[in-house]
Amino acid sequence: MDKKEQELRAQMCEIGKNLFNKDFVAANDGNISARLSEKEILATPTATSKGYITPDSIVKLDLDGNILEAKEGVKPSSEVKMHLRCYKAMKNCNGVVHAHPPYATGFAIKGEVLDKATMPEVVIAMPKIPLAQYGCPSTEEIPDSVEPYFGDYEAVLLESHGALAWGDTLMNAYLNMERLEYIAKLTFITRSIDGERELSKERIDELVALRPKYGK
Ligand SMILES: [Zn+2]
């Protein structure tokens with residue numbers, strides 16, 4: 001196993017621990033993947049808490065979902081289909097994180113798009129979190145529902161289910177999931193104190209002009 005693969009496997013375990021410690025997943029929920037090469041990905045195993053993944057339990061797959069390498073008896077998550085769609089459709093996608101973070105999932109259950117210009121980081125980094133239409137887990141319905149958002153967004157709510165984030169690196173996919181949940185949490189908090197207040201158009205425009213400096 002080369003150094004890149006070793007590092008990715010270790011990083012997937014670390015991110016799994018973060019999802020677990022931050023309460024972004026319950027029991028065995030959620031899954032993480034990373035692109036290893038143009039046609040190979042690494043994905044977390046099914047039926048395992050993301051807080052307790054080991055590097056050797058991670059499965060290697062091709063982009064059609066065929067298992068290339070796995071510890072005996074270990075299978076990838078059945079939700080890996082939405083990860084595969086991300087890698088197939090977006091050449092610059094190198095990491096995907098699926099979780100059920102509670103505030104974001106609350107809005108996904110309510111069925112609300114999060115798009116209020118509440119603070120600078122929101123306007124600059126994630127001005128809109130769309131809502132991908134409900135799909136039955138483990139089928140092609142979820143990949144079909146998220147694909148329209150590829151390219152323009154880096155994270156979506158999955159209606160009545162949870163959230164999906166992707167990025168040009170695995171770490172950025174994880175950070176997009178963190179930001180998505182943070183925005184949902186702040187929206188929830190501000191609504192408990194009379195609701196969110198948006199920045200003025202002038203202030204939004206000056207932040208939009210700053211986006212290139214942040215790599216957006
Ligand atoms: Zn899920």
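Start at 1 with the first residue, then count along the sequence. Counting starts at 1 for both ligands and their atoms, in listed order. We use all heavy atoms of the structure for the numbers below, so side chains are in, but hydrogens, waters and symmetry mates are not.
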> Under 2.8 Å from the Zn ion (ligand 1), how many protein N/O/S atoms can be counted?
Replying inline: 4
> Which ILVMFWY residues can you reach from Tyr134 by hopping between side chains whose heavy atoms are under 4.5 Å apart?
Replying inline: none
> Is any side-chain heavy atom of Met177 closer than 4.5 Å to a side-chain heavy atom of Pro101?
Replying inline: yes
>> Could you work out, with side-chain hydrogen bond (donor to acceptor under 3.5 Å, both in side chains) as the rule, every residue matching Ser138, not counting sequence neighbours?
In response: Ser78
> Any salt bridge between Asp144 and Arg85, counting N to O under 4.0 Å?
Replying inline: yes
> side-chain hydrogen bond (donor to acceptor under 3.5 Å, both in side chains) with Asp115: which residues, sequence neighbours excluded?
Replying inline: none
>> Less than 4.0 angstrom from a charged side-chain N to a carboxylate O is my criterion; do Glu178 and Lys22 meet it?
In response: yes
